[in-house]
Each structure stands twice: as structure tokens, then as C-alpha cells.
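Just the heavy atoms: all of them, side chains too, but no hydrogens, waters or symmetry mates, feed the values below. Just so you know, these numbers come straight off a predicted model, no measurement behind them.
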Amino acid sequence: MGNKSSRHHEAHGSHFTLQEIQRLKKAFTQYADKDGTIDKDDFRRALSSNINAWSAGAQYMFLERLFDAFDLDGNHRIDFSEFIQGLSVFFKGEPEEKMELTFRIYDIDKSGSIEPKELIKVLAHMYSTFYNEDQTERVTKMVHQIFEDLDINGDGSLSVTEFKLMAIKEPMMVDFVEEFLKLPEAEKNDSLL
């Protein structure tokens with residue numbers, strides 16, 4: 001662990017090297033307000049070249065949800081620490097971390113559980129932009145089946161634990177998020193890393 005920990009910046013607890021954190025800080029500063037935070041519009045501008053999406057609508061929706069998942073304190077702003085933590089998981093996270101990030105993407109109301117309507121809303125929008133037609137009925141059936149199978153305590157929502165079971169049974173729920181990932185090319189000027 002000695003060599004690995006020396007390459008990573010432990011103050012931010014991320015998977016990034018110190019050099020990557022310095023590049024991210026420079027990029028973040030270009031978009032940050034005087035208070036050292038960014039809003040959703042700045043977030044979308046900062047990340048749009050690093051997100052792979054089949055349509056502008058899908059990219060917009062995904063970045064909206066990703067922003068909310070990164071905004072851990074719920075103040076509708078992201079500071080550099082939240083930015084680093086979120087990107088670290090998104091780009092380099094372990095499977096368990098990615099499942100938790102995906103859970104936060106689907107947990108629209110930040111209640112700590114996912115209700116069917118939240119999952120339907122996100123998935124139907126994403127599927128509709130992919131298929132260029134309304135997929136709400138298809139997604140609704142799939143979501144209801146998922147909840148029937150995995151809502152262990154029968155409370156009508158999925159806890160993080162139940163969601164992780166769902167991710168094992170239906171890996172596309174987490175893989176779906178990874179489809180948006182476009183690893184930055186080192187030579188690109190607009191790349192974050």
C-alpha cells in the first residue's frame with residue numbers, strides 16, 4: 001500500500017493521483033464562483049465533453065442527476081471536495097462505490113430510498129431518448145417487477161441494501177450509468193483529467 005497511497009491524495013480520499021487532482025482543481029476553478037462552488041449549469045459545462053450520451057436530452061438528464069448525486073450536502077452547489085469525491089467514484093471507483101453513486105442518481109428526493117416513481121422517471125426519460133419514443137409503459141413494467149422481487153421488507157421502496165441486490169440481479173441498472181462514461185483523452189485540452 002505504501003506506493004499506492006503515495007500516488008493518491010488522501011486528503012480528498014479519492015482514487016486520483018496528486019497530479020490529476022491539480023488538473024481537476026485548475027478545471028474546477030475555471031467554472032467556480034467567488035465562493036468556490038459551481039452550480040448545475042457550470043457542472044454541465046465542465047463535464048459535457050466527458051459524458052457519452054446518445055442525445056442532448058439524455059446528456060442533460062444524466063448530468064442533472066449526477067449533479068444531485070455529487071451534491072452531498074444538498075445546498076444545490078458543488079464545492080471542490082464534492083467534485084473530487086464524485087468524479088473519483090464515477091471515473092475510478094470500485095464496484096461498491098459505483099453502486100452507491102448509482103443509488104444516489106436514482107434517489108431523486110434524497111430520502112435514502114428509491115421509490116418506483118423515481119426509478120421510472122429516470123429510466124423512462126433515458127430510454128425514451130435512446131429509442132426516440134415514450135418507453136414509460138415498458139419501464140414501468142420492469143420497475144414493478146424489480147420491486148416485486150427485491151423490496152424485501154415490503155415498504156414500497158428500495159434501501160441501499162435492496163438496491164445492491166437489484167444491481168446484482170439486474171446489472172444493467174448500474175451498467176446503464178457507466179454507459180455515459182467517456183474516459184478523457186490525455187491530449188484533449190477540454191478533458192478534465
Side-chain angles (χ1 to χ4, degrees), residues 15 39-41 43-76 78 82-83 85-183:
H15 300 286
D39 62 16
K40 275 189 183 180
D41 291 334
F43 183 79
R44 280 192 298 270
R45 282 191 288 276
L47 290 181
S48 63
S49 66
N50 296 97
I51 301 299
N52 212 8
W54 49 87
S55 74
Q59 183 183 59
Y60 183 89
M61 173 71 163
F62 181 73
L63 287 171
E64 286 275 312
R65 296 302 320 129
L66 193 62
F67 178 91
D68 289 339
F70 282 18
D71 181 19
L72 297 176
D73 61 9
N75 67 352
H76 307 289
I78 292 178
E82 290 170 318
F83 189 70
Q85 293 298 323
L87 288 179
S88 173
V89 170
F90 187 68
F91 284 117
K92 297 183 171 194
E94 298 296 326
E96 180 89 4
E97 293 173 305
K98 288 188 179 201
M99 279 192 267
E100 290 172 6
L101 175 63
T102 303
F103 177 86
R104 292 195 315 266
I105 288 171
Y106 293 130
D107 183 15
I108 295 172
D109 65 5
K110 294 189 172 197
S111 66
S113 63
I114 300 172
E115 296 175 15
K117 66 182 179 184
E118 292 173 306
L119 203 51
I120 291 167
K121 181 177 181 176
V122 174
L123 292 177
H125 191 283
M126 295 297 184
Y127 272 97
S128 293
T129 57
F130 183 69
Y131 290 105
N132 292 321
E133 59 186 46
D134 186 15
Q135 294 291 310
T136 304
E137 186 176 327
R138 176 181 176 196
V139 169
T140 299
K141 287 179 184 176
M142 178 182 70
V143 167
H144 286 300
Q145 184 62 51
I146 287 169
F147 273 77
E148 189 175 306
D149 292 346
L150 297 172
D151 182 13
I152 296 166
N153 62 6
D155 67 353
S157 64
L158 296 179
S159 66
V160 174
T161 303
E162 291 168 326
F163 179 80
K164 288 177 182 177
L165 291 172
M166 177 186 70
I168 292 167
K169 182 175 182 191
E170 295 287 344
M172 54 111 4
M173 300 303 289
V174 175
D175 294 345
F176 192 66
V177 171
E178 290 190 8
E179 290 298 314
F180 287 92
L181 175 61
K182 179 175 26 174
L183 287 173

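Checked against salt bridge (charged side-chain N to carboxylate O under 4.0 Å, His left out), Glu118 has no partners two or more places apart in sequence or in another chain. Under the rule for a side-chain contact (heavy atoms from CB on, under 4.5 Å), the partners of Thr140 that lie at least two apart in sequence or sit in another chain are Ile120, Thr136, His144. Remark: Asp149 pairs with Lys169 by the salt bridge (charged side-chain N to carboxylate O under 4.0 Å, His left out) rule, at least two apart or across chains. Residues forming a salt bridge (charged side-chain N to carboxylate O under 4.0 Å, His left out) with Glu148 (at least two apart in sequence, or on another chain): none. For Ser88, there are no side-chain hydrogen bond (donor to acceptor under 3.5 Å, both in side chains) partners, not counting sequence neighbours. For Asp68, the side-chain contact (heavy atoms from CB on, under 4.5 Å) criterion is met by Lys40, Arg65, Lys110, not counting sequence neighbours. For Lys164, the side-chain contact (heavy atoms from CB on, under 4.5 Å) partners are Glu96, Met99, Glu100, Val160, not counting sequence neighbours. Applying the ring-ring contact (aromatic ring centres under 6.0 Å, His included) criterion to Phe70, with sequence neighbours excluded, gives Phe43. Legend: residues meeting salt bridge (charged side-chain N to carboxylate O under 4.0 Å, His left out) with Asp41, ordered by chain and number and at least two apart, are Arg44.
Between Ile152 and Thr161, every side-chain heavy-atom pair lies at or beyond the 4.5 Å cut-off. Counting only heavy atoms from C-beta outward, the side chains of Leu72 and Arg104 approach each other to under 4.5 Å. Within the 4.5 Å cutoff, the side chain of Tyr106 has heavy atoms near those of the Thr102 side chain.
To the nearest 0.5 angstrom, Leu158 atom CG is 7.5 Å from Leu119 atom CG. Between the CG atom in Asp107 and the OG atom in Ser159 there is a gap of 11.0 Å [rounded to 0.5 Å].
Taking both residues in full, the closest heavy atoms of Glu115 and Phe147 are given as C-CZ, 3.7 Å, listed atom of the first, atom of the second, then distance. When all heavy atoms are compared, the tightest approach of Asp39 to Phe67 is C-CE1, 3.5 Å. Between Leu101 and Ala69, the closest heavy-atom pair is CD1-CB, 3.7 Å.
Lys121 pairs in a side-chain contact (heavy atoms from CB on, under 4.5 Å) with only one of the listed residues (Val139, Val143, Ile108), which is Ile108.
Remark: the backbone N or O of Ser113 is not paired with any side-chain donor or acceptor of Glu162 at under 3.5 angstrom.
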